[in-house]
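Chain letters run A, B, ... following the sequence lines, proteins first and then strands; every chain starts at 1.
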Amino acid sequence: MGTISRAIALVDFDYFFAQCEELRHPEYRGLPIAVCMLTGPETGAVASANYVARGFGVKSGMPVSKAKALAPNLVILPVDISYYSQISSAIMQSIRERFKKVEQASIDEAYIDLGEIDYDVAEDIGKEIKNIVKSAANIRCTVGIGPNKLIAKMACDRAKPDGLKVVRPDEVESFLESSRLDQIPYIGTKTAERLASMGIRTVSDARRLSVDDLIRVFGEKKGIMIFNFVRGIDERKVEVKKERKELEKFVSLKGRSPEEALEEAARRLFERLNGMLFQEVGVIVIFEDFTVRTKSRTLKHATASFDELISNARSLLGAILNESEGKKVRRVAVKVSRFTKGEGSLLDFI
DNA sequence: TTCATGACCTC
DNA sequence: CCTTGTGTCATGAA
């Protein structure tokens, strides 16, 4: 008989975009595959790479040119989000049919609250989850199980690909101590560097800092979060219905004027809105030197009108361009937020 | 409260 | 060989 305690599972579909492509292109199996966001025929960045490609050192975020240099026979495919969304929805639906408390965290991740449970049983459920994902769409995944979201996530990261890892409550301590600081969610490069500059390099080092010290350096929320996370404490709930808070659409200029690109962004954003009411409009401009400028405006009333969207977006863009004379624009985005329950509904999650 | 910006996540 | 696309949250100033 194992421990009976609350357990949360995180299921994460392995190298999801690339695995979806392997599904419909069996002929590429065994070859290195990179699914890329392409701006031109030869330029862009890797969004997802299969493990054959990763064996050559190909990683997400890497420029396509570099990926090609690393992996000679690299198969380069463009991102096809709507195809991956269909597969994701089918899987998520199957998971929801079996479990009550499911929180979809992204297109390829979901938390499942297993409640108070014997951890040996939880382990079997982990295997069952893997089977559900396999049956629903023939997709391989990794499942992490722990006493909270944090440990479930870290267990999952540790077990990829095609893995299952259970961290029991009494194993949390040693599990954390065997983890690097930057393997803790929300401790990214910047935070890790900041900690390193203070001489903090391991989880044990970080535990020696007081909450007050952490708050002084990282601010209240983040300071408290780091304090708790390095101790394996995480009270976040599995939230079954998460509502989207904002939606934005980026567009590259590709020779057009910023105004023309803005119009396309607004149109495509509006399509996805599907009649949803919004009360805030924003514009984001990314310049050639990668600096970012944003402007946003709260409207008097919530609206679902395209005319209001585009006219506000235009004036915000004008204001930004005015204040940044002559700088060349790379991309523009239109953003809407402050949704209110209207007739409409947002199309698909993510 | 509004607005701007930055950090982080990660396919 | 600097890159593409979203979304959330925190913070600080106005």
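When distances run from any side-chain atom of Lys249(A) to the nucleotides dT6(C), dC2(C), dC11(B), the shortest one goes to dT6(C). The side chain of Phe250(A) approaches dG5(C) more closely than any other nucleotide in the set dT10(B), dG7(C), dG5(C).
Taking only side-chain nitrogens and oxygens, Arg331(A) never comes nearer than 4.0 Å to OP1 or OP2 of dT3(C). Contact annotation: Arg297(A) side-chain N/O to dT2(B) OP1/OP2 distance is not under 4.0 Å. Listed pair Thr191(A) / dA7(B) fails the phosphate criterion, with no side-chain N or O lying under 4.0 Å from OP1 or OP2. Between Ser296(A) and dA4(B), a side-chain N or O to OP1/OP2 separation shorter than 4.0 Å is present. In terms of phosphate contacts, Arg338(A) brings a side-chain nitrogen or oxygen within less than 4.0 Å of OP1 or OP2 of dT2(B).
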Chi angles and distances behind the side chain to side chain donor-acceptor pair (under 3.5 Å) call for Glu22(A), Asn50(A): CA-CA 9 Å; Glu22(A) 285 179 350; Asn50(A) 69 355; 3.0 Å; yes
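Place Lys222(A) and Arg268(A) on DNA chain C by their nearest nucleotides, and Arg268(A) ends up nearer the 5' end.
To the nearest whole angstrom, the two C1' atoms, one in dT6(C) and one in dA7(B), are 15 Å apart. Spacing of C1' atoms, dT3(C) relative to dT10(B), comes out at 14 Å, to the nearest Å.
Atom OH of Tyr186(A) has 12 or fewer heavy atoms from other residues, nucleotides or ligands within 6.0 Å. Heavy-atom neighbours of Lys59(A) NZ from other residues, nucleotides or ligands within 6.0 Å: at or below the threshold of 12.
Of the listed residues (Leu214(A), Ile233(A), Ile215(A), Asp212(A)), just one forms a side chain to side chain contact (heavy atoms under 4.5 Å, CB included) with Phe227(A), and that residue is Leu214(A). Each of Asp289(A), Val285(A), Ile320(A) was checked for a side chain to side chain contact (heavy atoms under 4.5 Å, CB included) with Lys327(A), and the lone residue meeting it is Asp289(A).
A salt bridge is absent between Glu109(A) and Lys160(A): the closest approach of a Lys/Arg side-chain nitrogen to an acidic carboxylate oxygen does not fall below 4.0 angstrom.
Residues from residues 144-161 of chain A lying near DNA chain C, meaning a heavy-atom separation below 4.0 Å, are absent.
Atoms NZ (Lys328(A)) and P (dC2(C)) sit 18 Å apart, rounded to a whole Å. In this structure, the CD atom of Glu246(A) is 13 Å from the C1' atom of dT5(B), given to the nearest Å.
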